[in-house]
Colleague: 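I have a structure here, written as structure tokens, and I will follow up with some questions on it.
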Amino acid sequence: PVFPNHPNLPNLTFSVVSVTPPLPPSVQYIFTPNPLTSQQYAQGTVFTIDVPHTEAGVYAITLELSGGGLVKQATVNLNVSIINPTFQEI
């Protein structure tokens, strides 16, 4: 949860502010729900990354939460592994 249930607090918006090393422009960053209303604080948000065709490695992703004058940042690591890089039709 982001905060305990506080009905008077503002909506909170999540965003990705940086990725190091950079991922391809086709990558999608999805927060569900976004923005987060005060009634949803206890459930939080789900962060999903769709990473088609990229290099294996560790990517540092800085996330930002903002709303009502509040700005918080956190960095998470995305570990990309290549399991089967080739397709074979038999």
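This is a predicted model, so every value here is computed, not measured.
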Colleague: Is a donor on one side and an acceptor on the other found under 3.5 Å between the side chain of Gln40 and the backbone of Thr37?
Modeller: yes

Colleague: Show me the donor-acceptor pairs, under 3.5 Å and distance only, between side chains in residues 14-26 and residues at least two apart or in other chains.
Modeller:
| from | atom 1 | to | atom 2 | distance (Å) |
| --- | --- | --- | --- | --- |
| Ser18 | OG | Thr62 | OG1 | 3.2 |

Colleague: Which residues satisfy the ring-ring contact (aromatic ring centres under 6.0 Å, His included) test with Tyr29, sequence neighbours excluded?
Modeller: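 With sequence neighbours excluded, Tyr29 shows a ring-ring contact (aromatic ring centres under 6.0 Å, His included) to no residue whatsoever.
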
Colleague: Is there side-chain contact between Tyr59 and Asn79, with heavy atoms separated by less than 4.5 Å?
Modeller: no

Colleague: Taking all atoms of both residues into account, what is the closest heavy-atom pair of Pro35 and Thr13, and its distance?
Modeller: CB-OG1, 3.8 Å

Colleague: Consider side-chain contact (heavy atoms from CB on, under 4.5 Å). Of Ile61, Val76, Val80, Ile30, which one does Ile49 pass it with?
Modeller: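 In the set Ile61, Val76, Val80, Ile30, the residue that makes a side-chain contact (heavy atoms from CB on, under 4.5 Å) with Ile49 is Ile61.
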
Colleague: Is there a side-chain contact between Val51 and Leu78, using heavy atoms and a 4.5 Å cut-off?
Modeller: yes

Colleague: Give, for atom CG of Leu12 and atom CG of Leu36, the distance between the pair rounded to the nearest 0.5 Å.
Modeller: 6.0 Å

Colleague: With a 4.5 Å heavy-atom cut-off, do Thr48 and Phe31 have their side chains touching?
Modeller: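 When only atoms from C-beta onward are counted, Phe31 and Thr48 do not touch, as no gap falls below 4.5 Å.
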
Colleague: Can you tell me how far CD of Glu64 sits from OG1 of Thr75, rounded to the nearest 0.5 angstrom?
Modeller: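 Here the rounded value is 11.0 Å.
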
Colleague: To the closest 0.5 Å, what do you measure between CZ (Phe47) and OG1 (Thr32)?
Modeller: 10.5 Å

Colleague: Of all heavy-atom pairs between Gly44 and Pro33, which one has the smallest distance, and what is that distance?
Modeller: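 Smallest interatomic distance, heavy atoms only, reads O-CD, 3.8 Å.
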
